[in-house]
Every structure is written in C-alpha cells, then in structure tokens.
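Notes for the one structure printed next.
Atoms within a ligand are numbered from 1 in the order they appear, just like the ligands themselves.
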Amino acid sequence: MLVRILGSAAGGGFPQWNCNCPGCQSVREGKNTVHQRTQSSLAVRGTEGSWYLINASPDVRLQLERLRDTKPTSIRSSPIAGVLLTDAEIDHTAGLMILRESAEPLAIYGTNSVREALTDGFSILRVLKDYCGVIWSSIEPGSKVDLNSNNNSDDSSSLEIEVFSLKSKPPKYMRSDSPVDENYAGSVVGFTYRDSYSGGVVTYAPALSEFSDSILKRLDKSDCILVDGTFWQNNELLELGTSTRTSLAMGHLPLSGDNGSLNHLAKLSSKRKIFTHINNTNPILIDNSPERKIVEAAGIEVADDGLTIEL
Ligand code: MLT
Ligand code: MN
Ligand code: ZN
C-alpha cells in the first residue's frame, strides 16, 4: 500500500494567515529552519486499487494536484475514488466544497454523527446535493469499511480499512451549552489500513485525546503509526495569548509531560512512528529546536507534506 501525507499541519496551516507566532514569522522571513505546510490530509491506496482521500482540507485543490500519477484518458477524471472522514471538523471537511466540480456524485464515507454535523451544523452535504451530489456510506466504529458500498465504483482495492472509535469531541459548531458527549458517539474515529497483498498495516489518528489500552494495542500492532502531533504543551495557545482553550479541551493530548503522547509512543514497537496534524505554534516544526531534538531522539518522525510510506 501507499500512504501519502498530503498536509501535515493542523487547521490553519503553516503559516496561518493571521498568526504571528515565532514559527509562522520564521516561515515568512524565509528562515531555513522552517517551511510551509498545508492542512491535515492523507491519501491511501492499496497495492491494487485507487487512491482514497482521508479528510478534505481547505488546501485540497493543491493537494490533489500533487497526487496525480497517471495519464488522463478523458477530459474529466478524478484522482480519487472517494473521501473518508475521521470527523466533521472544518479543517477536515471544508475541502468538500472545492470538490463540488466532480463530474460524478462524490463518494463520502463517515459515521452517522459526522453526517449529522455536516447536514445540520456545517451544512455542506445540503449544498453539495445541488452540485455534484453525494453518495454517503455510513461507517461504523469497530467494523470494516466496504469500499464497494457505493454503486459508483467497482474498485477492486486490496485495501482494508478498519474504523475505531476515539473519545467523542463534537466540532465547536455542534456543541450545545451542556454538551452530552454520548450524543456524539462516533464523532471522532481513527483508521487502520491493511493491505491484503503486502500485509502492511498503518494506523492513522489525527485527533487523539487519550491512549486507552485498546488504542495502545492497535498502535503497537501497526507497522507504521501516524498520530496527533497538534500541540507540544497543554497550555500552548493560552501562553501565546491566541486562545483560551487548552490542548486537552480541544481533544488533543499534548506531546510533552508524563502522560504526553511522546512517552506513550516511545514504548511502542511500531517500525515507524510519525506525528502529523501539527499546529503552527508547535516548536517541533522548527528544525533543530530543543523540542524537535527530543522527538527525534525518541525515534519519532515529524511528518512533512509529500511524505510517502510504502508498506
Ligand atoms: C481540531 O483539530 O481540534 C480542530 O480542527 C480545531 C478547530 O478548527 O476548531
Ligand atoms: Mn484539526
Ligand atoms: Zn503561528
């Protein structure tokens, strides 16, 4: 299978349009310790079969341009067979609007909770209905995605995708005054990709708020893991004065600290461990920063746009 990181930054990208944090400023100044990154997205394909887009970022137009690897045979064709969503966050779904030019109904896979958010909150599914149309396939945590469930494609992919549940965190726009998290079961999921030809296993979780035993086991059994690298510390945005929300309140376990994701990842036996969905304020984006050195010393990689994993 091939897994390609299309966008390694969290929502906002790097630099973010209105941010003057040290990292964003360094990019603008052209420092050689940093470079631009687009917003969180991934593409995956089996040894046999088409590319699937995992999350549709606002940068999807440029990202899909970089994915084209075959000569077109007709005037219109899509480089992807479908879009799978881990959640309904704006940075993972706004790109669906850009895909409206599709000549065929878009094949989108997501949980019922995500569908509800994209219908009643950020109503992009209602809008798309009047453009390309959508063939929605509901996916269930704890089960496998049926990539042939939409009659649009007869893709004989060697890819198996398993859905697993992560702690519920509805998007900000779906939160009521008294959030009852059980109402949002399935609002955030992760995926495990398994190629039936090569046997390779990759697990992807861009919004990880805790390392439960079952998640640790799943990650440990994967050849490669791509996980939430959003914030270095819990009060990162508060210290910079850019938000009142902590990393944990946003559903992201920070990297540092005794219970931080770095310590959990260091104990796992996966061959490749990679942080992705990295916020522009996270100092690991700066080459040679003390924080980057700590991550690398732990045998963990920092994802970059275009990084391709073959397994
Ligand atoms: C997240 O990753 O938590 C969200 O994308 C943050 C947001 O845009 O509100
Ligand atoms: Mn995000
Ligand atoms: Zn910034």
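- Between the side chains of Gln63 and Ser57, at least one donor-acceptor pair of N or O atoms lies under 3.5 Å.
- Ring orientation note: the planes of Tyr52 and Tyr109 are nearly perpendicular, at an angle over 60° on the 30°/60° scale.
- Of the protein's non-hydrogen atoms, the one nearest atom 3 (O) of ligand 1 is His252 NE2, 2.7 Å.
- Checked by atom type, the side-chain pair His35/Asp305 shows no donor-acceptor distance below 3.5 Å.
- Among the heteroatoms counted here (N, O or S) of His277, NE2 is the one nearest to the Mn ion (ligand 2).
- Nearest-residue assignment for atom 4 (C) of ligand 1 (options Glu89, Gln39, Arg245, Lys172; heavy-atom criterion): Glu89.
- Taking the Mn ion (ligand 2) as reference, Asp91 places its N/O/S atom OD2 nearest.
- In this structure the side chain of Val188 never reaches within 4.5 angstrom of the side chain of Glu89, judged on heavy atoms.
- Residues Val202 and Leu226 meet the side-chain proximity criterion, which asks for heavy atoms closer than 4.5 Å.
- Close approach of ligand 1 to Met250 is summarised as follows: ligand atoms under 4.0 Å from at least one heavy atom of the residue are 3 (O), 6 (C).
- Residue contacts with ligand 1 for His277 involve side-chain atoms from C-beta outward but no N, CA, C or O (heavy atoms, distance under 4.0 Å).
- Residue Asn280 counts as close to the Zn ion (ligand 3), with an N, O or S atom under 2.8 Å.
- Under the 30°/60° scheme for interplanar angles, the aromatic rings of Tyr204 and Tyr193 are found to lie parallel.
- In this structure, Asp91 has a heavy atom closer than 4.0 Å to ligand 1.
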